[in-house]
Amino acid sequence: MGKPFINELKHLPSSLKWGGEVGISLLAKFVAWTKGNPLITVGAGGSFTVAEFTRLLHEERGGIGLSHTPLSFIQSKTNIRDSYVVIFTASGNNRDVLATYDAAVQREPQGILIVCGKKQSKVEVKARASERTTIFAHAFPAGRDGYLATNSLVVFSILMLRAFGHPTPTVELVTNLSERAQQRWKETTLLPTGASYYLALFGGWGRPAAIDFESKFSEAGLGGVMLTDYRHFAHGRHNWIDKRGEQSIIIAFFTPDSSDLAKRTLALLPPSTRIIKFETHDSGPIGALELLLDVFQFTLYVGQKVGIDPGRPRVPSYGGKIYHLGPMLSNKRSPRAAALSAINRKLVARGTLGNQTDEIALSKARNAYIEKLAGTRFGALVTDFDGTVVSPGAGPNGGLSEPVTAFFEKLLRAGVQLYFATGRGDSIYAIVAASINRRYHSQIFISYYNGSVTAPLTKAPPKSQDGPYHAEFEKMLKRLRREPLLANVTNLENKNFQITAKASTQLEFSAISIIIRELIAQESNDKYKVVQSSHSLDIIPLSASKMTCVKLAKDRLAHEFDVLTIGDRGALFGNDYELLAHPFSLSVDSVSTDMHSCWNLLPPGCRNVAGLVHYSRSVACKANSFTLTLPV
């Protein structure tokens, strides 16, 4: 099992070169959007080292980061709906990573990134169905790792280094670092026989290397390792040296930000203490990479001294059985799980997660709401477009998916009216007209620019230049652009019916959202409001509302029928907030605090377009109407 470890290390320069050249636009885009939001990283074995490395990269720019092993992530109860998740896996096929991905989807974070060293893996195939998952899967030039993570660890580290905007270390630099490490361990006489325990002391950017040291020494059976930072070591862990010093060696990781503390700590230990220093003079992630290479070479050195090849350490049969056991998971797709998810979404929106009184009240409200929906005949469907009918952030091209088109045409055949309430202008017209059979176009209406203009599909869409607010919006744009942040990071566009503002990262988007809302509140004289989609803000007249087409639909219906609304941004300030305040409304993503509207009744992890399709399976059509029967 495995490969000779010395052969694995020979591929490191080519792995580094490949990691520095492969396209990373998907990674960079995902990382940019996580800025300003919590980032959760997950990895097992050597991949946990990269999870820690990535956490530090995120925290270095001011973010909140948390790293997990697969089981700790699966068992965590933390609400991660406002977070992003990155999962690292060399093969993408083991049970732990598959269970981790399932758990991530079910907990509904803002987005998931899978970084995988194999194409067409099980996790990649599973993830293709998710609109919220970004997949970066490539076969690495060194091929599959042997027993210990080596080349995959280096490639993952370089990829994330680049994704976070750091300069890529050159092949020459890493080759020199590697050669220096090899020479250091060839010349050392610091490893006496009889050493069984290692205390790995670290600070700052020494942490990833220390974690990898523990991983490699434990997995290869080279010695027991205690991990501790320099100040945690001060809280009693130094007593190990007094009681077990003869069998122990301290591995001290030195980085520029922890060097002084490390020197002062080690100087107080007894002179007989055996200490090996791993030192880098580079600060930040480049220094962390140098220390990782030191760990690789030291692992080889110790393995040669004790007669164990770290790449082929002879794994016992029970080890393989334990590895393939996988986590023992409960059934997250049960009806009970779906009910709990619906209630938890409301609890999170209301800020009462963990409040049993509110949970009981919401449970009753959910059941009553489902019964109310089931007892109503609907003659029209009003749906949001982006994030509901098409994926969040979908461009102006393309068409509706086959299941969505089939659902709409099923309704239209029965004589049901179909309305689209969208923040888009004319780009929606071509998509809908091309996707749905022409014979039904007279039953379809589009409410453009967040309800500013509503027209049948049989009529040409409104032209932006015909909007009535050009002059007022131009004045407003000049005021907005006097704010340096808005001028520098925001794309502001006057569409005459509305002003649309976009930013490239979540942090910038959150910041411009606050600034724009305050400016509009101060200077619009209550004439305009701001509504928010996944990646943009729209400034619209106070009179504009997606409810316009709901009122139009109700006026055209027989009195025994009502209107069902569906959208994705149902929370306060979301561009579907008013639409989903309607008494008969369903969300495919975020919800409001209201107990009597805007429920998301989807199974855990089912969102956006997949959510619309899921709801469609509970629809039964009748003459000029449909009913909706969801499981209680």
Side-chain angles (χ1 to χ4, degrees), residues 29 32-34 36-37 81-82 84 108-111 131-132 349 382-398 400 419-428 431-432 446-453 464 480 486 489-495 497-517 520 528-542 544-549 565-581 585-592 598 600 607-612:
K29 183 177 180 181
W33 200 248
T34 67
N37 281 67
R81 284 183 171 86
D82 290 328
Y84 290 80
E108 301 178 348
Q110 290 295 310
E131 301 161 51
R132 296 296 187 98
V382 178
T383 177
D384 168 55
F385 196 70
D386 289 279
T388 305
V389 174
V390 296
S391 300
N397 302 317
L400 307 184
Y419 294 76
F420 295 97
T422 177
R424 291 196 188 210
D426 59 3
S427 63
I428 182 178
I431 296 173
V432 174
I446 301 176
S447 199
Y448 302 91
Y449 299 113
N450 291 289
S452 293
V453 182
S464 174
L480 293 172
L486 298 183
V489 306
T490 310
N491 177 18
L492 292 163
E493 185 179 357
N494 180 2
K495 296 184 177 180
F497 290 97
Q498 65 188 30
I499 294 176
T500 297
K502 295 182 179 180
S504 59
T505 73
Q506 181 61 43
L507 181 62
E508 291 164 351
F509 184 63
S510 299
I512 70 167
S513 174
I514 295 170
I515 293 171
I516 290 175
R517 288 185 192 284
I520 297 304
Y528 301 100
K529 59 186 175 182
V530 183
V531 294
Q532 181 173 324
S533 67
S534 302
H535 297 92
S536 71
L537 293 169
D538 294 325
I539 303 169
I540 60 176
L542 204 61
S545 172
K546 289 187 175 183
M547 283 299 291
T548 300
C549 56
T565 65
I566 300 179
D568 70 318
R569 305 290 292 182
L572 184 64
F573 302 130
N575 63 352
D576 296 325
Y577 176 70
E578 294 178 356
L579 182 68
L580 300 188
S585 55
L586 292 170
S587 176
V588 294
D589 196 3
S590 67
V591 298
S592 69
C598 193
N600 180 335
R607 304 167 86 172
N608 300 109
V609 181
L612 176 66

Are the side chains of [Y] and [X] in contact, using a 4.5 Å heavy-atom criterion?
X: N608; Y: P392; result: yes
X: E508; Y: T490; result: no
X: K529; Y: I520; result: no

Is it the case that the side chain of [X] and the backbone of [Y] share a donor-acceptor pair, with hydrogens and angles ignored and the cut-off at 3.5 Å?
X: Q532; Y: S513; value: no
X: D589; Y: R607; value: no
X: R569; Y: Y577; value: no
X: T565; Y: L580; value: no
X: S587; Y: C598; value: no

Shortest non-hydrogen contact from L492 toward A501: CD2-CB, 3.5 Å
Minimal non-hydrogen separation, P541 against F497, with atom names: CD-O, 3.7 Å
No-hydrogen, no-angle side-chain donor-acceptor test under 3.5 Å, N450 and Q498: yes
Lys/Arg N to Asp/Glu carboxylate O, R81 vs E108, below 4.0 Å: yes
Rounded at 0.5 Å granularity, tell me how far [atom1] in [X] sits from [atom2] in [Y].
X: D568; Y: T388; atom1: CG; atom2: OG1; answer: 4.0 Å
X: I499; Y: S536; atom1: CD1; atom2: OG; answer: 13.0 Å
X: I515; Y: L480; atom1: CD1; atom2: CG; answer: 10.0 Å
X: S590; Y: L572; atom1: OG; atom2: CG; answer: 10.5 Å
X: D576; Y: S585; atom1: CG; atom2: OG; answer: 10.0 Å
X: T422; Y: L579; atom1: OG1; atom2: CG; answer: 11.0 Å

Y84 and W33: CA distance, side-chain angles, deciding distance, side-chain contact (heavy atoms from CB on, under 4.5 Å) verdict: CA-CA 9 Å; Y84 290 80; W33 200 248; 2.4 Å; yes
Partner of I539 under side-chain contact (heavy atoms from CB on, under 4.5 Å), chosen from V530, N494, T500, V531: V530
By side-chain hydrogen bond (donor to acceptor under 3.5 Å, both in side chains) - contacts of K495 (at least two apart): none
Heavy-atom neighbours of Y528 OH exceed 12 at 6.0 Å: yes
Worked verdict on F385 versus L400 for side-chain contact (heavy atoms from CB on, under 4.5 Å): CA-CA 10 Å; F385 196 70; L400 307 184; 3.9 Å; yes
Audit row: F420, T383, side-chain contact (heavy atoms from CB on, under 4.5 Å) steps and yes/no: CA-CA 5 Å; F420 295 97; T383 177; 3.7 Å; yes
